[in-house]
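This report refers to the structure that appears directly beneath it.
All of these numbers come straight from a predicted model, not from anything done at the bench. In what follows, every chain begins at residue 1, and chains take the letters A, B, ... in the order their sequences are listed.
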Amino acid sequence: MKEINELNLPGDIRYAEDHEWARLEGDRIRVGLDDYAQDQLGDIVFVELPQIGDTFEKGKEFATVESVKAVVECYLPVGGEIIAVNTALEESPELVNKNPYNDGWFVDVNPSDPSEMDDLMTNAECLEKLKGAD
Amino acid sequence: MQKETKKTPLYDWHVAHGANMVSFGEYEMPLWYPAGAKKEHLAVLTKAGIFDTSHMALVMVIGPDAFELLQLCLTKDLYACVGKDKSPLVPGRCVYGAFLNESGKVIDDAILYQLEHNTYMTVVNAGLGGEVARHLMAYRDRRNVEINDLTDKIGKMDIQGPMAARILMKILVDHEEVFKDMLYFTFKGHFDEASPLADKVRLIDGTPLLLSRTGYTGEFGFEIFVDQFHLVKVWEMIFDAGQDFGLLPCGLAVRDSLRASAVLPLSHQDIGPWPFINHPWPFALPFNPDGTDFTKKFIGNEALKDIDKPEYTYAFTGYDLRKVSVCDQTIVLDSEGNKIGLVLTCVCDIGIGRHGDRIYSISSPDKPENFKPHGLSCGFVKVKSKLDPGQVVELKDERRKIKVMIVSDIRPDRTALCPIEEIIEQKEKRL
C-alpha cells in the first residue's frame, strides 16, 4: 500500500470525494479513477462502463470496478453525456492500476454544466483530505 | 481500549517487501505484495508461492489416551481414515476433520497429525488454539492425556505450486530420501531438535523441519512447521531458492481465491456454528460405505443425524469473473426468484475460464491453443433446498445479480495429488 506521500496526484486534474478524477480536454471532460483508489483496490480485473450516449447527473453511478478484493461503484464527477468509453479496459483492466491518468481512463463526458468542475478538489486539497483521513 | 494486534515473526519482512498489511483475526497479515494478487494467484497455479501461515494455531495432544480422546472429538474415524482402503491413522500420516460441539456445530476444522505412538498434533485456525485446547480439556474426563497449545512457539509457512519440490530440493539435506513415498497427506521430520524425528528432514544449515505434503490451495506443495526462532531464516532461504523458479510471496487475498476454487472451506465462513453435514466435504465425516450412517460415535454425531430443517452447502461457479459482495443481505434465488439461502463465499479465480462448454485452468494440460483465462467467480452457498450439480441459481447483493451454476468441483486440473516424482520430472522438462 502506498504511503500518502507516494501517491501520484497530478496538478492538471480535479478530484472527487470518491476518488474519481476529471480533466478538461478541449470541450470534453475525461474521467477516471485516481491513484489512491487503484492502490487501495489492488489488481483491477474488470471495469463495467456505460454506453456512449448515456447521460448521468453529477454524482450518479456510471461505472463499476471489480478488483480481486472488492466491487465498487464509480460516480460521475461532472454531469453530462458519455461521448467516448475506453474500450481498451475490456481486455486490459490492469491499465487502471498501471496508468490511472492516461491509458487507464474510463469515459469522456460532454458536460451539461462545465462549471461543475469548480466544485471538485485540486490535487493539494485532495492530498490534505487524505492526510486528514489517515 | 483498542485490542493490540499480533504480529508474526515475518511482519518486518512483509513490510520491508512492500506488502499491503491488513488485520486478520488478531493478526496483521499481508493481503498482497507489490506483484499484486493476480500474479500471486497465477504463480501458485504455474510456478510456486510462499505464504506466512504462522498465525495458525497448533495444539499438541500427548499421552496413552490421546487417541481415544481424539477419536471422541474429531469427526474422522481414526481407525479408518487413511487411503482408499481406509486403514487406521499411523505415524507420518495426517487427516482432515472438524471439532464439533454437542449440537453438531463447528468449533473449528483441523488437520490432525500423528507424530509418534501416543503423540498427536492438531493444526487449527488463527486464534482458535485456546478454544480447541479447552474443548479437548472439557472432554478429557479421566483420560491420561496432556493438551498443550504451542501456537506462539511454532512458526509455519506454506510453499504451494508445481515448482515447490524443485525449490526445496536446493536447500534440503538428502531430498531424495525426504521426498521418497511422500504422498498427499503424509509428513516427515519434526520442528523440535530434541525429537528423534528431527533428523528425517533438515535444511542444509541443519535446521530441522516438519515437512507436510498438505496445503490450502489445491495445488501441489507443502506446509512447513519450524521453531519460531528459525522462521524468518527459513522463509528467506526458501524465498532465495525460489527466485530462479518464479516463486512469489503470496498474501491472504490469493489464499482465499485459491482455496475457494479448490473447494476448500474457510472456517467460520463456509463451515461454522451450524450443523456440519450436507456439505461438499463428506470425507471429513466418518460415513459408512453407503453413506447411511457413521462408523463411530463422536461429539456432535447424534445432532447431525437428527436435523429438523436441513440446510445444504454447495460450491458454485459463475459465467464470468463478476462477484457479489458477501454480507447477510446477499441471497440466493431459485429459477422462480424465491429466496432459498445465503452466499457464504464469493471470490474470483483469475486463472480459470470457460471455453465452449468446459472450464479450463491456465495449467490445464489440454487447454485450447492461445487460451487466456479471464477468471470466473466461484464460492459457496448455503440453501434450504437440495440442488443438483448443473442447476443454475442467481446470487443477489445490493448492487447486482449474477447467474451461477451449482457444481461438484471448481478449478480443473489441480496438482495437489500429483505424485511427487512426476511433478519434479515434468518441471525438469519444462525448465
Against chain B, residues from residues 48-85 of chain A with at least one heavy atom under 4.5 Å, in numeric order, are A/Glu48, A/Thr64, A/Glu66, A/Ser67, A/Val68, A/Lys69, A/Ala70, A/Val71, A/Val72, A/Glu73

When the 4.5 angstrom heavy-atom criterion is applied to B/Arg322 and chain A, the contacting part is both

Check: For B/Glu398, does the CD atom sit with more than 12 other heavy atoms under 6.0 Å from it, leaving out its own atoms?
Finding: no

So side-chain hydrogen bond (donor to acceptor under 3.5 Å, both in side chains) across residues 89-98 of chain A, not counting sequence neighbours, yields A/Gln38-A/Asn97

Whatever's closer than 4.5 Å to a heavy atom in chain A on B/Lys39 counts as backbone

field: B/His355 atom NE2: more than 12 heavy-atom contacts under 6.0 Å
entry: no

Checking heavy-atom separations under 4.5 Å from chain A, one finds in residues 249-262 of chain B none

Listed by number, the residues in residues 6-21 of chain A that come under 4.5 Å of chain B (heavy atom to heavy atom) are none

If one checks every heavy atom of B/His41 against chain A at 4.5 Å, the contacting part turns out to be neither

Worksheet item: Got more than 12 heavy atoms from elsewhere within 6.0 Å of NZ, B/Lys7?
Response: no

If one checks every heavy atom of B/Leu321 against chain A at 4.5 Å, the contacting part turns out to be both

ask   = How about A/Lys2: does its NZ atom have over 12 heavy atoms from other parts shown lying under 6.0 Å from it?
value = yes

